[in-house]
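Convention: sequence-line order gives letters A, B, ...; per-chain numbering from 1.
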There are 2 protein chains.
Amino acid sequence: MGIADRKEREKLEMRAKILDAAKHLFLEEGYSSVSLRRIADSIEYSPSTIYLYFKDKDDILFALHNLAFQELYHRQRQNLQIADPIDRLQAYLSTYLEFALDNREYYDLMFIQYAPASKIKEKAEWRYGRRAYEALRDTIRQCQEAGYLKSVDPDATAFGLWSFVHGLASLIIRHRLPMFSANQREKLAKQAMEMLNEMLELSRVQH
Amino acid sequence: MGIADRKEREKLEMRAKILDAAKHLFLEEGYSSVSLRRIADSIEYSPSTIYLYFKDKDDILFALHNLAFQELYHRQRQNLQIADPIDRLQAYLSTYLEFALDNREYYDLMFIQYAPASKIKEKAEWRYGRRAYEALRDTIRQCQEAGYLKSVDPDATAFGLWSFVHGLASLIIRHRLPMFSANQREKLAKQAMEMLNEMLELSRVQH
DNA sequence: TTATTTTCTGAACACTGTTTATTTAGTGAA
DNA sequence: TTCACTAAATAAACAGTGTTCAGAAAATAA
């Protein structure tokens with residue numbers, strides 16, 4: 001059944017084509033200011049064609065959301081092999097911040113923008129997020145076993161550390177730092193990360 | 001000129017009326033899903049009337065933005081009188097988080113939502129934000145003089161600590177914690193705050 | 001009562017996401 | 001090649017959006 005195969009392939013190609021166009025437009029101008037007609041124009045199809053491949057505009061966002069999570073997951077993979085838990089934790093958080101600042105619109109869409117909770121929950125692809133979170137918490141558990149971070153609830157610690165890097169990233173991305181120049185912002189974020197690292201090391205109980 | 005005075009007063013009342021209606025609608029359903037026609041309906045005026053009192057929809061948002069900053073500033077005022085800098089710092093951060101969770105849509109609009117940077121900069125009312133930030137940095141300076149927080153750049157430290165509480169708040173407000181129940185989230189946020197407080201106290205150099 | 005200014009509104013404009021009926025193109029059989 | 005059938009693409013329409021503007025209504029001044 002070569003024809004059915006080709007049709008399947010073409011269907012996937014069309015999806016990828018729409019996704020690619022949407023991605024570029026969204027990254028350049030932001031989700032809400034890009035209309036379906038603009039996406040349709042850029043791939044030279046009519047707006048209604050898009051509805052044959054995606055349920056609605058949010059569905060496109062959701063597909064990109066998944067791609068972005070895969071990309072982040074890919075970046076973090078190498079960190080998982082670091083043996084020392086506190087080194088791994090620090091690398092994990094640094095990589096997270098780097099990803100956020102290197103892919104601002106992606107990050108925006110993953111962790112800042114309003115995405116109907118139902119949508120994220122429904123589809124099982126939120127797995128990537130969950131897995132990433134659990135990797136963080138496991139690392140924290142191992143840090144605690146090594147004497148770091150006292151014995152606060154690992155979930156609370158994971159939430160706290162995640163919040164720290166998310167806060168840095170999202171204040172930058174959403175332009176809430178008019179008191180600093182653009183150069184300063186990233187420099188200060190790095191300094192803040194260093195401060196966090198020092199505090200993590202300082203958290204070690206001395207027996 | 002009593003008539004001119006009354007007209008002036010009525011103009012302000014009308015502005016307040018629109019603002020109040022918009023505030024309630026925004027807080028309930030979010031900025032972008034509330035239309036001007038809905039606001040107009042709720043105050044029983046035509047949509048075009050609103051344009052006599054506000055430049056555009058964003059201008060309403062901006063006015064609310066300022067009201068919200070005043071409210072936060074008001075909450076923080078009492079903390080400024082705490083003598084011990086580390087206590088003051090902790091109170092400052094806790095109050096910030098409480099404000100965020102008590103006024104989620106307000107907080108959203110102040111620190112998460114896209115607000116054209118130009119708009120925030122232009123108007124001098126960003127003073128409130130700047131002043132709040134400087135109060136934080138000054139407190140951090142005093143903490144450093146008292147031996148806490150080593151001697152990292154105060155701006156980096158302020159940015160870092162602010163990011164921590166902003167991260168907690170915004171991950172909750174933007175529903176990025178499907179791995180926790182609603183109850184758990186706020187409990188974990190409080191635990192994370194306690195962890196931060198412990199780390200702050202731990203940061204004291206031992207001479 | 002009239003003239004003038006201020007306040008308000010209905011209708012329109014250009015846009016949005018989305019749906020539906022219709023047209024076009026591609027496929028399999030006679 | 002011709003026919004019937006299926007799948008893909010579209011034009012047109014719908015209900016909604018923020019915003020503008022000419023003209024109606026109301027309030028003030030003469």
Does Leu101(B) offer a backbone N or O that forms a donor-acceptor pair with the side chain of Arg104(B) under 3.5 Å? yes
Do the charged groups of Glu145(A) and Arg141(A) touch, with an N to O distance under 4.0 Å? no
Tell me: CD of Glu10(B) to C1' of dT6(C), nearest whole Å? 11 Å
Treating Lys150(A) as the side-chain partner and Met195(B) as the backbone partner, does any N or O pair qualify as donor plus acceptor under 3.5 Å? no
Assign the ring pair Phe111(B) / Tyr96(B) to parallel, tilted or perpendicular, where the plane angle (0 to 90°) is split at 30° and 60°. tilted
When you check every protein heavy atom under 4.0 Å of nucleotides 9-19 of chain C, what one-letter string (B, S, -) results, 5' to 3'? BB-B---BBBB
Between atom CG in Asp41(B) and atom P in dC8(C), what is the gap in whole Å? 16 Å
Integer-rounded Å distance: dT6(D) P and Lys11(A) NZ: 16 Å
What is the distance, rounded to the nearest whole Å, between atom CD of Glu13(A) and atom P of dA9(D)? 12 Å
Quick one: label Phe54(A) by what it contacts on the DNA or RNA (base, sugar-phosphate, nothing), any heavy atom closer than 4.0 Å. nothing
Please give, in whole Å, the distance from dT10(D) C1' to Met14(A) CE? 12 Å
Sub-4.5 Å side-chain heavy-atom contact between Tyr107(A) and His166(A): yes
Check whether NZ of the Lys or CZ of the Arg Lys187(B) lies under 6.0 Å from the centre of the six-membered ring of Phe180(B) and within 45 degrees of that ring's axis. no
